[in-house]
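Below, chains carry the letters A, B, ... as their sequence lines are ordered, and counting in each starts from 1.
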Amino acid sequence: MGKKILLEHIDVPGIDTYDVYRKQGGYTAVEKALKTMTPDSVVEEVKKAGVRGRGGAGFPMGMKWSFLAKPEGVPRYLVCNADESEPGTFKDHYLMKHIPHLLIEGMIVSSFALGANKSFIYVRGELMYVIRILEKAIAEAKAAGFLGKNIMGSGYDLELVVQPGGGAYICGEETALLESLEGKRGNPRNKPPFPAVKGLYQSPTVVNNVESISTTPWIINNGGDAYAAIGIGRSTGTKLISASGHINKPGVYEIELGVSVEDFIYADEWCGGIRPGHKLKAVVAGGSSVPILPANLILNLANGDKRLMSYESLSDGGFATGTMLGSGGFIVMDETACVVRNTWNFSRFYHHESCGQCSPCREGTGWMEKVLHRIEHGHGSLHDIDLLVDVAKKIEGNTICPLGDAAAWPVGSAIRHFRDEFEWHINHPVEATQPGAVYRGEMALV
Amino acid sequence: MTTETNAKIEFTPERQVLAKEIIARYPEGKQKSALLPLLHLAQEQWGWTSPEVMDYVAGLLGIEPIEVYEVATFYTMFHLDPVGKHVIEYCRTGPCCLMGGEDVYAHLKQKLGIEAGQTTSDGKFTLKEVECLAACGMGPVFQIREQYYMHLTNQRVDEIIEELSK
Ligand SMILES: Cc1cc2nc3c(=O)[nH]c(=O)nc-3n(C[C@H](O)[C@H](O)[C@H](O)COP(=O)(O)O)c2cc1C
Ligand code: SF4
Ligand code: FES
């Protein structure tokens, strides 16, 4: 059994209520921080923990906190990113629904550390029922004296506001999120200035993911060093993985960073193996944006060593043979999955979700969708494959926000590792467009 | 249709109280932040966000109607046209499709006799295609108002439609 930090009490009946959460040791981190620590010492513990942002980019949380500008007389804000819209990712949904108080407790500790007196949780609007769960939890925490004015006589005030989004993946990008929170369209901002200097309402702001913030109660209770002792190397602690696709047990799992990919897929504790009678073909390991890898490369590094579930190991080999941990959206495909169809599906997603501000992203995502649609529907030419690679390259690195890259990587990687499959679609259009037709040529299945 | 085009556009008394509370959440001068929450509240009451409803929301916030239109049109959750009694929003994204989503949605469309974006002639159901709903491990998935329906099969779809048709 791996170490559980976030989901330790997930099976306790009633853990979504204040009373049960409190009985399991909930809110002790708030007591400890507000009564015995200074904001700076909280930041120090989070730095020591080495916890990296769980929203996708993996930036060290303590370091981000220490960059927050602190001009006199200007309010500072903490904004929790609960927009969770990256295809394949559903862990924040799970966490907030089942243990809402963990996020609330984390928000209090983190807001205290940053000196924020009003903090926001921006939840994708589709999750309105989760917003109601969070609002109830906030009311309970307030009634218990953990929110509001002069919390536990410490002199520290905090209000929490839950904000609904309106249905737009781009609002997960932190500056688009801030625009949206200000009541505007979700167009990402040019950086600099960074949110740490000019964020919400032009004030210094920290944006962190739900899971990142939810690690702070444990870190405060047990110390940053204890957190850093879990995991492997610079991938400290545990990570929630959203597992979906052709596995026996889809769901949200908390793993200690460093378990092998093979164990994660095949062990009963986690995915429980590929569904009966089928074999592993490919995995998208970190949400739709990260490169897809074929079975042999997701299980093993290029040098033959086992690949591990960690930031470093998943990215080992760069994009030639590696991928990224991303948001931990682990999408598993067996031999019945069509990589071309899935790539087209993802490109349609990015085209649909592009905010349209920069032409390489707006036009490029449209082109990729169109060309992939053509190949998938039996009208492609071999030249289209190079065209796709070319369009993807033109988007990469040429846009205001990383959505452009996120749209390009799935396409580039699918062609890199599954070129035969694209060629088969083009060379055998009649066969390839039969319902449920999938390429069954030379391919290493596991 | 759930619209009452001739009725005066005004929140119910309970929603008026709620709207005031929402507007008061934000720092002084930052009331525009209440726009998305108020649009959701409006859609909850009227089923869609008509131009009149958007004008009303603009009035509550003391902003120009255009500021509301440009926001409402950016976000996919707001219905800019009248919709049926039940709006079924099904996830069309990769992971749900791996779980057989495409077949289930084909069945759903056939059962209702409409395509995505259309409303049944009796005004009961509107179909809308949406992207990933953050429930990929439980796919195929659709949402009706606040409720998620997961692990969908053709049979489950039939049951849900029959239940809602009563
Ligand atoms: C297009 C796009 C979508 C994103 N969606 C999310 C999201 O849904 N949730 C999230 O936490 N971060 C998302 N991010 C990353 C955020 O910009 C930001 O890095 C993150 O919220 C910071 O929190 P963390 O450091 O705790 O991970 C997204 C980024 C991009 C470019
Ligand atoms: S990269 Fe795409 S989504 Fe990001 S700002 Fe540019 S157009 Fe908008
Ligand atoms: S892909 Fe359907 S909920 Fe994520």
Trainee: Mind ranking B/Val71, B/Ile63, B/Leu39 by heavy-atom pairs under 4.5 Å with chain A and telling me who comes out on top?
Mentor: B/Val71
Trainee: If you count the non-hydrogen atoms of other residues, nucleotides and ligands that lie under 6.0 Å from NZ in A/Lys249, is the total more than 12?
Mentor: yes
Trainee: So which part of A/Cys338 gets closer than 4.5 Å to some heavy atom of chain B, the side chain, the backbone, both or neither?
Mentor: neither
Trainee: Identify the two heavy atoms, one from B/Cys136 and one from A/Ser244, that lie closest to each other, and give their separation to 0.1 Å.
Mentor: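 Heavy atoms of B/Cys136 and A/Ser244 come nearest at O-CB, 3.8 Å.
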Trainee: Under 4.5 Å heavy-atom distance to chain A, tell me which part of B/Gln43 shows up: side chain, backbone, both or neither.
Mentor: neither
Trainee: Tell me whether A/Lys279 at atom NZ has more than 12 heavy atoms from other residues, nucleotides or ligands lying less than 6.0 Å away.
Mentor: no
Trainee: Where do A/Ala168 and B/Tyr75 come nearest, in terms of heavy atoms and distance?
Mentor: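 Shortest heavy-atom contact: CB-CD2, 3.9 Å.
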Trainee: About how many Å separate OH of B/Tyr26 and CD of A/Glu159, when rounded to the nearest 0.5 Å?
Mentor: 12.5 Å
Trainee: Look up atom NZ in A/Lys118 and atom CZ in B/Arg25, then write down how far apart they are to the nearest 0.5 Å.
Mentor: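 If I round to the nearest 0.5 Å, the distance is 9.5 Å.
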Trainee: Is chain A contacted by the side chain of B/Glu102, its backbone, both, or neither, given a heavy-atom distance below 4.5 Å?
Mentor: side chain
Trainee: Relative to chain B, which of A/Gly88, A/Gly165, A/Gly166, A/Pro87 shows the most heavy atom pairs under 4.5 Å?
Mentor: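 Answer, by heavy-atom pair count under 4.5 Å with chain B: A/Gly166.
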Trainee: With only heavy atoms counted, which part of A/Val284 is less than 4.5 Å from chain B, the side chain, the backbone, both or neither?
Mentor: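 When you check distances to chain B, no heavy atom of A/Val284 falls under 4.5 Å.
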Trainee: Check whether any side-chain N or O of A/Glu126 sits under 3.5 Å from a backbone N or O of B/Ala134 as a donor-acceptor pair, and report yes or no.
Mentor: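 Not confirmed, A/Glu126 side chain does not pair with B/Ala134 backbone.
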Trainee: For A/Arg348, which atoms come within 4.5 Å of any heavy atom of chain B: side chain, backbone, both, or neither?
Mentor: both
Trainee: Side chain to side chain contact (heavy atoms under 4.5 Å, CB included) between A/Met128 and B/Met77: does it pass, once the steps are laid out?
Mentor: CA-CA 11 Å; A/Met128 198 56 87; B/Met77 286 184 75; 5.8 Å; no
Trainee: If you compare all heavy atoms of B/Ser33 against all heavy atoms of A/Glu182, which two are closest, and at what distance to 0.1 Å?
Mentor: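 For B/Ser33 versus A/Glu182, the nearest heavy atoms are OG-CA, 3.5 Å.
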Trainee: Has A/Lys184 got more than 12 heavy atoms of other residues, nucleotides or ligands less than 6.0 Å from its NZ?
Mentor: yes
Trainee: In Å, rounded to the nearest 0.5 Å, how long is the span from CG of B/Leu36 to CG of A/Leu181?
Mentor: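 The distance works out to 9.0 Å.
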Trainee: Where does A/Tyr77 contact chain B at under 4.5 Å (heavy atoms): side chain, backbone, both or neither?
Mentor: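 Side chain only.
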Trainee: What part of B/Leu35 gets closer than 4.5 Å to chain A, counting heavy atoms only: side chain, backbone, both or neither?
Mentor: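 Side chain only.
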Trainee: Heavy-atom cut-off 4.5 Å, strictly under: side chain, backbone, both or neither for A/Ser85 against chain B?
Mentor: backbone
Trainee: Can you tell which part of A/Ile247 gets under 4.5 Å to a heavy atom of chain B, answering side chain, backbone, both or neither?
Mentor: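 For A/Ile247, no heavy atom lies under 4.5 Å from chain B.
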Trainee: Could you tell me whether the side chain of A/Asn345 and the main chain of B/Pro95 form a donor-acceptor pair under 3.5 Å?
Mentor: no
Trainee: Taking atom CD of B/Glu146 and atom OH of A/Tyr129, what is their separation to the nearest 0.5 Å?
Mentor: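 Answer rounded to 0.5 Å: 10.5 Å.
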Trainee: Return the option, out of A/Gly356, A/Ser288, A/Pro164, with the maximum number of heavy-atom pairs under 4.5 Å with chain B.
Mentor: A/Pro164
Trainee: Atom SG of B/Cys132 and atom OH of A/Tyr169: how far apart are they, to the nearest 0.5 Å?
Mentor: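 Rounded to the nearest 0.5 Å, the SG-OH separation comes to 10.0 Å.
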Trainee: In Å and rounded to the nearest 0.5 Å, what is the CZ to CD distance from B/Phe74 to A/Glu179?
Mentor: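 Going from CZ on B/Phe74 over to CD on A/Glu179, the span is 9.5 Å.
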Trainee: If you count heavy-atom pairs within less than 4.5 Å of chain B, which of A/Gly245, A/Ser242, A/Cys355, A/Pro75 leads?
Mentor: A/Gly245
Trainee: Do other residues, nucleotides or ligands put more than 12 heavy atoms under 6.0 Å from A/Gln434 CD?
Mentor: yes
Trainee: Using side chain to side chain contact (heavy atoms under 4.5 Å, CB included), reason through B/Thr76 and A/His352 one step at a time and then give a plain yes or no.
Mentor: CA-CA 10 Å; B/Thr76 56; A/His352 184 259; 3.9 Å; yes
Trainee: With only heavy atoms counted, which part of A/Thr336 is less than 4.5 Å from chain B, the side chain, the backbone, both or neither?
Mentor: neither
Trainee: Can you tell which of A/Arg185, A/His93, A/Met333 has the highest number of heavy-atom pairs within less than 4.5 Å of chain B?
Mentor: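 Ranked by contacts with chain B, first place is A/Arg185.
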Trainee: Do other residues, nucleotides or ligands put more than 12 heavy atoms under 6.0 Å from the NZ atom of A/Lys198?
Mentor: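 At most 12 heavy atoms, drawn from other residues, nucleotides or ligands, come within 6.0 Å of this atom.
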Trainee: Can you tell which of A/Phe346, A/Phe349, A/Tyr201 has the highest number of heavy-atom pairs within less than 4.5 Å of chain B?
Mentor: A/Tyr201
Trainee: Flag the one option from B/Arg92, B/Gln143, B/Met138, B/Glu89 with the top tally of heavy-atom pairs under 4.5 Å to chain A.
Mentor: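 The candidate making the most pairs under 4.5 Å is B/Arg92.
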Trainee: If you count heavy-atom pairs under 4.5 Å between each of B/Pro27, B/Cys96, B/Ala135 and chain A, which one has the most?
Mentor: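 Of the options given, most contacts go to B/Pro27.
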Trainee: Is it the case that atom CD in B/Glu10 sees more than 12 heavy atoms from other parts of the structure closer than 6.0 Å?
Mentor: yes
Trainee: Flag the one option from A/Ala243, A/Gly186, A/Ala337, A/Gly125 with the top tally of heavy-atom pairs under 4.5 Å to chain B.
Mentor: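 Heavy-atom pairs under 4.5 Å are most numerous for A/Gly186.
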Trainee: Please check if atom CD in B/Glu159 has more than 12 non-hydrogen atoms from other residues, nucleotides or ligands closer than 6.0 Å.
Mentor: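 Yes.
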Trainee: Check whether B/Glu70 gets within reach of chain A through its side chain, its backbone, both or neither, counting any heavy atom under 4.5 Å.
Mentor: both
